[in-house]
Q: 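Below is the structure I would like to discuss, written out as structure tokens.
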Amino acid sequence: MDESTDSFRQRVFQIIAAIPAGSITTYGDVALLAGSPRAARQVGGILSRLPQGTKLPWHRVLNRHGGISLPGEGFLRQKTALEAEGIEMDNQGKVDLDRYRWRW
DNA sequence: CTCTTGACGAAAC
DNA sequence: TGTTTCGCCAAGA
């Protein structure tokens with residue numbers, strides 16, 4: 001498919017690809033930027049089906065509370081990826097949104 | 001067309 | 001306060 005194909009998923013890809021290293025955003029913000037403010041759930045659905053080895057920085061997307069929504073081992077993989085960029089989580093597994101939130 | 005599925009979020013308990 | 005319920009909507013079957 002050519003990359004100009006317009007769909008919610010394509011827009012989500014572009015938006016997430018634009019998140020700078022060391023910053024994070026939320027499912028809700030991605031949905032908002034993609035033009036569908038209440039489709040945060042769909043954003044998660046899209047990320048859950050990313051192919052292995054994707055270059056998309058999916059780990060920079062967190063939930064409304066700055067926490068990781070991924071269950072099980074995914075939690076650790078995302079946490080590790082974030083810490084590798086200098087993003088630290090508190091003892092409750094949440095990042096400081098005021099400090100790391102991506103402003104566009 | 002209907003029906004299901006969710007890496008969500010806000011409201012209601 | 002923490003936990004549960006309910007509304008949301010893109011995509012695929």
Side-chain angles (χ1 to χ4, degrees):
Chain A
M1 284 305 269
D2 66 80
E3 52 225 50
S4 65
T5 300
D6 185 35
S7 68
F8 183 76
R9 184 170 41 122
Q10 291 293 332
R11 295 198 293 281
V12 166
F13 285 149
Q14 292 191 320
I15 291 161
I16 294 179
I19 306 170
S23 293
I24 60 89
T25 192
T26 63
Y27 296 98
D29 278 354
V30 173
L32 178 66
L33 288 174
S36 198
R38 279 155 292 172
R41 202 172 186 179
Q42 282 58 254
V43 175
I46 289 166
L47 294 189
S48 74
R49 283 171 251 152
L50 284 176
Q52 278 189 331
T54 178
K55 297 174 221 64
L56 209 69
W58 55 269
H59 57 277
R60 296 179 191 149
V61 185
L62 301 172
N63 64 33
R64 190 70 182 93
H65 309 292
I68 292 173
S69 295
L70 231 100
E73 9 181 300
F75 179 94
L76 198 56
R77 292 218 331 289
Q78 182 165 15
K79 184 184 177 196
T80 302
L82 289 173
E83 291 177 334
E85 301 188 340
I87 298 172
E88 297 174 33
M89 308 191 79
D90 62 22
N91 52 335
Q92 297 176 67
K94 301 203 279 186
V95 312
D96 185 341
L97 287 174
D98 292 328
R99 181 178 167 187
Y100 295 107
R101 169 103 98 171
W102 173 43
R103 287 43 143 141
W104 61 90

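In the text below, chain A, chain B and the rest are named by the order of the sequence lines, each starting its count at 1.
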Q: Tell me, please, the opening and closing nucleotides of DNA chain C, 5' to 3', among those with an atom under 4.0 angstrom from a non-hydrogen atom of chain A.
A: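 The protein-touched segment is C:dG7 to C:dA11.
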Q: Using the salt bridge (Lys or Arg N to Asp or Glu O under 4.0 Å) rule, collect all pairs that involve residues 7-22 of chain A, keeping only residues at least two apart or in two chains.
A: A:Asp6-A:Arg11
Q: Nearest heavy-atom pair of A:Ala31 and A:Ala40: which atoms, and what distance?
A: CB-N, 3.6 Å
Q: A:Gly67 and A:Lys94: which non-hydrogen atoms are nearest, and at how many Å?
A: CA-CG, 4.3 Å
Q: For chain A and DNA chain B, what are the first and last nucleotides along the strand, 5' to 3', with at least one atom under 4.0 angstrom from a heavy atom of the protein chain?
A: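 Footprint of chain A along DNA chain B, 5' to 3': B:dG6 to B:dA10.
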Q: Determine the minimum heavy-atom distance between A:Glu85 and A:Gly22, stating which atoms define it.
A: OE1-N, 3.2 Å
Q: Are A:Ile16 and A:Leu62 connected, step by step, through hydrophobic side chains (Ile, Leu, Val, Met, Phe, Trp, Tyr) whose heavy atoms are closer than 4.5 Å?
A: no
Q: So if I apply the side chain to side chain contact (heavy atoms under 4.5 Å, CB included) rule between A:Val61 and each of A:Val12, A:Leu56, A:Ile19, which one comes out positive?
A: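 By the side chain to side chain contact (heavy atoms under 4.5 Å, CB included) criterion, A:Val61 pairs with just one of A:Val12, A:Leu56, A:Ile19: A:Ile19.
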Q: Can you see which heavy atom on A:Ala34 is nearest to which on A:Ile15, and at what distance?
A: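 Shortest heavy-atom separation between A:Ala34 and A:Ile15 comes out as N-CD1, 3.4 Å.
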Q: Do any of residues 94-104 of chain A sit with a heavy atom less than 4.0 Å from DNA chain B, and if so which?
A: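 Residues of residues 94-104 of chain A that come under 4.0 Å of DNA chain B do not exist, since none gets that close.
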Q: Show the nearest heavy-atom pair for residues A:Tyr27 and A:Leu47, with the distance to one decimal.
A: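 Closest heavy-atom pair between A:Tyr27 and A:Leu47: CE2-CD1, 4.1 Å.
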Q: Quantified in whole Å, what is the C1' atom distance between nucleotide B:dA7 and nucleotide C:dA13?
A: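 Approximately 22 Å lies between the C1' atom of B:dA7 and that of C:dA13.
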Q: Quick one, which residues of residues 24-51 of chain A touch DNA chain C with a heavy atom under 4.0 Å?
A: A:Ser36, A:Arg38, A:Arg41, A:Gln42
Q: State, to 0.1 Å, how close A:Val43 and A:Phe8 come at their nearest heavy-atom pair, and which atoms those are.
A: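 Distance-wise, the nearest heavy atoms are CG2-CZ, 4.0 Å.
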Q: Atom CD1 in A:Ile24, atom CG in A:Leu82: separation rounded to 0.5 Å?
A: 8.5 Å
Q: Tell me if a side-chain donor or acceptor on A:Glu83 pairs with a main-chain N or O of A:Met89 at a distance below 3.5 Å.
A: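 No, the answer is negative, given that no donor and acceptor are paired below the 3.5 Å cut-off.
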Q: Quick one: on DNA chain C, does A:Arg9 or A:Gln92 contact a more 5' nucleotide (nearest heavy atom)?
A: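 Nearer the 5' end of the strand: A:Gln92.
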Q: Could you see if A:Phe75 belongs to whatever hydrophobic cluster contains A:Val95? Use Ile, Leu, Val, Met, Phe, Trp, Tyr and a side-chain cutoff under 4.5 Å.
A: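 Yes, A:Phe75 and A:Val95 fall within the same hydrophobic cluster.
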Q: Which side-chain N or O atoms in residues 97-104 of chain A pair as donor and acceptor under 3.5 Å with protein atoms at least two apart or in another chain?
A:
residue, atom, partner, partner atom, Å
A:Tyr100, OH, A:Glu88, N, 3.4
A:Arg101, NH1, A:Thr26, OG1, 3.3
A:Arg101, NH1, A:Asp29, OD2, 2.8
A:Arg103, NH2, A:Asp98, O, 3.0

